[in-house]
Structure formats: C-alpha cells, structure tokens
Amino acid sequence: MTVIQADDDTIVLDNVQHFYLEHIFESGQCFRWNASSEGSYIGVAMGHVLEIRQQGPNVVLHPCTMEEFERVWRRYFDLDADYGAIKHSLAGDPTLDKAMEFGYGMRLLHQDPWECLISFIISANNRIPRIKGIIEELSMRYGNQLEYKGRIYYDFPSPNELARHTPDEICECRCGYRAPYIVETARIIAGGEIDLKAIESMEYHEAHRALMKLPGVGPKVADCVLLFGMGKGEAFPVDVWIKRVVEQLYLPNASLKDIKKWAYQRFGRLAGIAQQYLFYYIRENSR
DNA sequence: TGGCAGGGTCATA
DNA sequence: TATGACCCTGCC
C-alpha cells in the first residue's frame with residue numbers, strides 16, 4: 001500500500017490488500033457508517049466526518065489531509081495489520097475457511113473506546129437498525145456539529161455531555177431501560193472514577209473485569225469494547241449467533257465460559273477476528 | 001392485529 | 001448457576 005496525497009483534502013491509498021468497505025462496515029462492529037447513493041460510505045468517527053470509496057485496488061478518503069490520515073485513519077482502519085498472514089494462521093477449519101472467504105476484506109476497526117462502550121450498552125437485547133437510530137439521535141441532540149458537502153453531521157457526545165442529563169432526557173432517544181445505564185456510566189467516566197485509558201493498557205482479563213464494573217456492561221459488551229475499541233484480539237464476544245454456531249459445530253451444550261475458553265485455546269490473540277468472520281458469515285447467511 | 005424475539009444485563013433465589 | 005423482566009420495533 002502506498003499513501004498518496006491527491007490534493008489538499010484527498011488521500012488515496014494505492015493498491016490496498018484485504019480491504020472491502022461493505023464487509024468492514026456491515027459486519028456489525030460499528031454503527032455510524034452509511035452507504036451513500038454514489039457507492040461510497042460516509043461516517044462520523046474520532047471527531048471527523050469522512051467519505052470513503054473504493055476505486056479498483058485503490059481507496060479514496062475525503063476530506064482528509066496527510067496529517068489526519070496518519071493521526072487517525074491509519075490506525076482506525078487497522079492498515080498496518082497483515083490480514084494475509086492472519087488468514088493464513090486461521091486457515092484449516094472448514095467453517096472458518098468459508099467465513100473468511102465470504103467476509104473477504106473485513107477488518108477490525110480501532111474505534112473510540114468511549115463511543116464503543118455506550119454503543120454496545122445500547123446494543124443489549126436490541127436490533128442493529130434500532131441501535132443505529134438511538135446512537136444517531138444521541139449524537140444529534142448532544143454531539144458537536146460537523147459540516148460536509150452542505151450537510152450537518154454530529155459527532156458522538158462526550159462523557160461530560162451525557163453525564164449532564166437525566167435518564168428521562170436520555171430516554172427521549174428511545175433507548176428505553178438502557179437510559180440509566182448510559183447516564184450512570186457517563187458519570188463514572190466523566191468523574192474519572194474509572195479511566196478507559198488505564199483499562200486499555202491493562203492485560204485482557206483484568207481489563208474485562210474492570211469494564212464489567214460499569215452499569216449495563218456484562219461479559220458480551222465488555223468483550224465488544226475490548227475488541228472494537230481497545231485492540232484486544234483475545235476478546236471473543238459471545239452473542240446468541242456465536243453461541244448457536246459454536247454449540248452446533250464444536251461444543252454441544254457449552255456454557256459461555258466454555259465457549260470463551262475454547263476460543264482462546266483455539267485462536268489465541270486471533271480469537272476476536274475469528275469471531276468477527278464467523279459472526280458476519282452466519283448472520284448474513286441465515287436470513 | 002397480537003405475539004414474539006432481538007448482537008444482553010441485572011436482580012433474585 | 002439459572003430464570004424472568006425489560007424499552008422498543010419490525011416481522012410473521
């Protein structure tokens with residue numbers, strides 16, 4: 001991959017391997033990217049609006065300076081990881097092989113831990129379109145405005161911003177019984193009682209325990225935050241889909257603990273990416 | 001049209 | 001360790 005500055009606010013990634021936007025954005029790891037009518041995706045992440053499109057083997061980012069690319073998007077899109085090598089070491093399992101073929105070009109994003117935390121608290125017992133709707137509504141009401149091509153977009157609100165409101169106010173975003181979890185978690189983070197940066201620097205198990213102290217955060221949500229927001233490859237979020245497929249193919253009547261242990265022994269630090277391929281594959285092929 | 005389940009978590013027993 | 005309730009929505 002070569003990074004080229006095409007003009008003042010356009011970056012072109014020349015000849016990118018293992019990169020396919022639809023599989024990155026539609027695999028359920030993020031909630032704020034939407035396909036545009038022109039075949040690109042537009043999203044808000046890390047305090048920026050970005051439009052991204054694929055042109056043959058190239059990827060075009062706009063509006064984006066070289067400085068912004070290096071500071072934000074290189075890491076966000078996991079561009080220094082060698083997905084060829086990752087797939088090679090995961091190869092050999094028939095189901096996972098099919099899943100990797102199906103989800104070609106998928107990548108694990110490095111999202112903002114705070115946004116990830118609230119997003120996955122909202123995801124509990126919920127459906128993806130509604131999750132997206134709630135996050136959008138929270139951002140519109142409480143997030144900073146960003147403009148792009150004459151349209152207003154909204155950044156995800158800060159801990160301070162969300163902590164300032166009552167559960168009843170937050171509930172107007174249709175997040176239902178999750179509203180008190182959101183407000184309380186925002187207060188704990190805003191007040192510095194729990195420090196996400198510190199959790200990020202912990203080893204996986206310790207970080208998992210620390211996150212579970214937050215209201216609305218159970219084992220599944222904690223694993224999602226660790227995997228999608230803190231780069232912990234050992235995290236293996238077990239949801240109904242994963243539980244179903246693991247029980248069916250590998251471990252009948254397994255408990256949550258059994259499944260996580262099995263995943264770590266089998267995949268190690270690639271457990272999370274294996275989970276993501278499996279999740280996307282079974283979800284997309286069972287409707 | 002009503003019932004049901006959805007990328008889980010929490011409170012109880 | 002195992003159940004049931006839970007805000008809402010979309011689908012059958």
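Here the structure is a predicted model, which is why all the values come from computation and not from measurement. Here is how names work: the chains are called A, B, and so on, in the same order as the sequence lines, proteins then strands, and each is numbered from 1.
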- Please confirm whether the backbone N or O of Thr65(A) pairs with a side-chain atom of Asp9(A), one donor and one acceptor, at under 3.5 Å? no
- Query: Starting at the 5' end of DNA chain B, what dot-bracket string do you get if Watson-Crick and G-U pairs under 3.5 Å are bracketed, crossing pairs use [ ], other-strand pairs use | and unpaired bases use dots?
  - Reply: .|||||.||||||
- Query: Reading nucleotides 5-12 of chain C from the 5' end, what letters show protein touch, with B for base, S for backbone sugar-phosphate only, - for no heavy atom under 4.0 Å?
  - Reply: -BBBBB--
- Remaining members of the apolar cluster that contains Val16(A), side-chain heavy atoms under 4.5 Å: Met1(A), Val3(A), Ile11(A), Leu13(A), Phe19(A), Leu21(A), Ile24(A), Phe25(A), Trp33(A), Tyr41(A), Met46(A), Leu50(A), Ile52(A), Val59(A), Leu61(A), Met66(A), Phe69(A), Val72(A), Trp73(A), Tyr76(A), Phe77(A), Leu79(A), Leu109(A)
- Message: Counting the atoms with a prime plus P, OP1 and OP2 as sugar-phosphate, which does Gln276(A) contact under 4.0 Å by heavy atoms, base, sugar-phosphate, or nothing?
- Response: nothing
- Charged tip of Arg151(A) within 45° of Tyr153(A) ring normal and under 6.0 Å: yes
- Message: Tell me whether Arg141(A) is salt-bridged to Glu172(A), with the criterion being a basic N under 4.0 Å from an acidic carboxylate O.
- Response: yes
- Message: Is it the case that the side chain of His48(A) and the backbone of Val44(A) share a donor-acceptor pair, with hydrogens and angles ignored and the cut-off at 3.5 Å?
- Response: no
- Glu206(A) meets the salt bridge (charged side-chain N to carboxylate O under 4.0 Å, His left out) criterion, sequence neighbours left out, with none
- Message: Tell me which pairs pass side chain to side chain donor-acceptor pair (under 3.5 Å) where either residue lies in residues 91-103 of chain A, with sequence neighbours left out.
- Response: Asp93(A)-Tyr250(A), Asp93(A)-Arg266(A)
- Query: Touch check for Ile242(A), heavy atoms < 4.0 angstrom, all strands: base, sugar-phosphate only, or nothing?
  - Reply: nothing
- Query: Taking only residues two or more places apart in sequence or in another chain, which ones pass salt bridge (charged side-chain N to carboxylate O under 4.0 Å, His left out) with Arg187(A)?
  - Reply: Glu184(A)
- Scan Leu256(A) against the nucleic acid and name what it touches under 4.0 Å (heavy atoms): base, sugar-phosphate only, or nothing. nothing
